[in-house]
Amino acid sequence: MARKIVVIGAGIVGASIAAQLPEDVSVTVLDQGPSGRLRGSTGHAPGFVGLLNEVPVLTELARASAELYDDLELDGVRGFDRVGGVEVASTPETAAKLEERAELAARAGLPHRLLDAAGTAALAPDLIDPAQCLGGLHYAQDGTARAGVITAALRKRSRARFVDDAAVVGIELRGNRVSAVRTATESFPADDVVLASGIWGSLVASLVDQRIPLTPVAHPYVYGPKRAESAARTPFVRWPEQHVYARDHGDRLGLGTYDHAPQPVPLDELGQTAEQPWPGELFDDAVGRAMELLPEANRFPIAERLNGVFSMTPDNLPFLGAFPDITGLWSAVAIWVTSAGGAARGLVELMCDKPSSFPDLDRLRPDRFTGQDPADLEARALRLYRDIYASL
């Protein structure tokens with residue numbers, strides 16, 4: 001009898017796991033959303049894949065993710081482009097920080113270049129204002145992802161059964177091990193259950209009295225008007241000291257910012273999509289400040305506003321690995337597009353008792369905060385919000 005694995009969540013994490021599990025297992029992937037729509041964080045992600053992280057295991061997960069994404073396409077549309085990434089310095093303090101980051105990139109074996117103001121602005125002239133730039137750090141192997149294309153291509157590559165409109169209402173146990181996953185209409189036998197349920201991870205874990213300290217937060221991203229598709233391969237741009245980032249999507253520009261008070265989203269207000277109503281002034285003011293970083297001629301009128309939701313953790317690290325109290329229950333949550341493919345590979349290796357390809361994966365174990373005060377853990381997570389792109 002083939003080993004039965006049920007993955008809860010069909011976003012980029014769940015699809016990556018399904019595509020990398022061995023052929024001799026039976027895989028079912030359940031998702032609460034309708035067919036053809038990514039209603040979780042995958043469907044709202046700006047798509048930056050930056051390889052360098054100050055935590056080495058995340059660098060390796062990102063590197064493996066990019067390698068997985070490199071050859072994925074769907075109907076002739078590529079899922080990932082190695083357009084590069086650039087961090088912009090507008091003060092001497094940030095310029096010095098970028099020199100430290102360059103040393104970190106060198107130790108990680110990642111191609112990079114420290115550039116002067118003119119060289120930095122030339123990489124993305126629509127996005128970088130030379131008058132506000134002292135220099136920059138360019139990462140040649142970073143890229144931008146079409147997360148929906150990647151997810152669909154991975155689904156197609158896998159041999160898994162994907163079941164949509166399948167909200168999970170229970171995880172059944174036999175003793176201290178998983179035995180099945182229940183939706184409102186069906187029960188799916190399981191030897192292993194993987195939580196790849198994104199911002200809903202805490203809610204799904206609570207079905208078997210497990211706690212994952214995830215803090216869903218609201219985050220603003222805006223798009224400019226549609227335009228003719230650009231052939232330019234513009235790097236993803238970040239301004240670490242201002243907590244702002246921007247992307248040329250080809251047919252329009254996009255801009256996001258963390259420069260505002262963090263906005264936690266209570267679990268009972270999540271609903272079934274990783275999107276919330278636009279809150280008005282708080283996000284409007286933050287976006288307005290971010291827009292001033294662009295060259296004046298390219299400060300675009302906002303055509304679309306997105307209040308997306310993703311999960312913060314108390315140490316900005318994912319929860320990846322086995323739940324020690326329940327045999328066959330695994331976590332793969334708080335994982336961004338940047339790390340999804342590599343994290344899936346790491347989890348599959350754990351599940352199949354294979355040697356790990358990644359150093360220090362135990363650092364990401366889901367029980368690392370056991371016994372700590374939930375209110376303190378949430379406060380720690382929210383304190384990290386503004387600096388999330390300063391260190392990723």
Side-chain angles (χ1 to χ4, degrees), residues 37-50 81 83 85-88 90 121 123-133 144-149 199 216-265 269-271 273-310 336-337 385-390 392:
R37 292 187 62 187
L38 293 171
R39 301 183 69 177
S41 299
T42 298
H44 301 85
F48 174 53
V49 179
D81 296 309
V83 296
V86 60
E87 295 172 348
V88 179
S90 53
L123 288 173
D126 286 352
L127 299 174
I128 301 174
D129 182 1
Q132 301 184 70
C133 174
T144 51
R146 297 175 183 86
V149 171
I199 60 174
V217 292
H219 175 66
Y221 192 80
V222 297
Y223 294 94
K226 290 277 190 171
R227 63 186 187 188
E229 184 80 25
S230 170
R233 293 174 55 83
T234 302
F236 193 100
V237 180
R238 291 178 289 165
W239 293 265
E241 62 197 305
Q242 285 91 2
H243 318 288
V244 171
Y245 61 98
R247 174 182 176 181
D248 185 339
H249 290 269
D251 63 346
R252 55 183 176 170
L253 298 178
L255 183 75
T257 176
Y258 295 86
D259 188 24
H260 60 87
Q263 300 298 296
V265 180
E269 295 180 14
L270 283 179
T273 179
E275 185 174 356
Q276 294 279 306
W278 189 265
E281 183 177 355
L282 177 72
F283 281 4
D284 288 338
D285 289 349
V287 169
R289 292 191 298 272
M291 196 72 70
E292 292 177 0
L293 294 171
L294 304 184
E296 187 171 0
N298 294 321
R299 295 171 189 171
F300 54 82
I302 296 171
E304 181 181 348
R305 292 172 172 83
L306 171 65
N307 178 7
V309 182
F310 66 88
W336 291 37
V337 171
Y385 174 81
R386 292 182 75 245
D387 291 328
I388 198 162
Y389 263 137
L392 290 179

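Because the structure is predicted, anything quoted here is derived from the model rather than measured.
The aromatic ring centres of F48 and W336 sit 6.0 Å or more apart.
Applying the salt bridge (charged side-chain N to carboxylate O under 4.0 Å, His left out) rule to D251 yields the partners K226; only residues at least two apart in sequence or on another chain are considered. With sequence neighbours left out, the salt bridge (charged side-chain N to carboxylate O under 4.0 Å, His left out) criterion links R146 to D81. Taking the side-chain contact (heavy atoms from CB on, under 4.5 Å) definition, one finds that A145 meets it with V49, F80, I150, V337, sequence neighbours left out. In this structure, Q276 has no side-chain hydrogen bond (donor to acceptor under 3.5 Å, both in side chains) partners at least two apart in sequence or on a different chain.
In terms of heavy atoms, A121 sits closest to P130 at CB-CB, 4.0 Å. Across all non-hydrogen atoms, the minimal contact from S41 to A274 is N-CB, 3.5 Å. The heavy-atom pair separating H44 from E275 by the smallest distance is NE2-OE1, 3.4 Å. Nearest approach of P225 to P301, heavy atoms of both residues: CD-O, 3.2 Å. In terms of heavy atoms, Q132 sits closest to S90 at O-CB, 3.0 Å. Looking at every heavy atom in both residues, P46 comes nearest to H249 through O-CE1, 4.2 Å.
N298 CG to L293 CG: the interatomic distance, rounded to the nearest 0.5 Å, is 13.0 Å. Atoms NE2 and CZ, from H243 and R238 in turn, are 13.5 Å apart once rounded to the nearest 0.5 Å. To the nearest 0.5 Å, atoms CG (D248) and CZ (R227) are separated by 4.5 Å.
Note on ring orientation: taking the six-membered ring where Trp is involved, the planes of Y245 and F236 are parallel (angle under 30°, cut-offs 30° and 60°).
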Considering only distance and modelled atom types, tabulate donor-acceptor pairs under 3.5 Å from the side chains of residues 277-289, sequence neighbours left out.
residue	atom	partner	partner atom	Å
W278	NE1	D284	OD1	2.9
R289	NE	D259	OD2	3.2
R289	NH2	D259	O	2.6

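In the model, Y385 has a side-chain atom that pairs as donor or acceptor with a side-chain atom of H219 under 3.5 Å.
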Begin from the C-alpha positions of D126 and T234 and carry the test side chain to side chain contact (heavy atoms under 4.5 Å, CB included) through to its verdict. CA-CA 9 Å; D126 286 352; T234 302; 5.9 Å; no
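Sorted by first and then second residue, the ring-ring contact (aromatic ring centres under 6.0 Å, His included) pairs involving residues 286-305 (not counting sequence neighbours) form an empty list.
No donor-acceptor pair under 3.5 Å is formed between the side chain of R247 and the backbone N or O of G254. With N307 contributing its side chain and A218 its backbone, the two residues share no donor-acceptor pair below 3.5 Å. A donor-acceptor distance shorter than 3.5 angstrom exists from the side chain of R299 to the backbone of E292, with no hydrogens or angles considered. In terms of modelled atom types and a separation under 3.5 Å, the side chain of Q263 and the main chain of A261 share a donor-acceptor contact.
Checking L253, L255, V86, V88 one by one against L127, the side chain to side chain contact (heavy atoms under 4.5 Å, CB included) holds for a single residue, L253.
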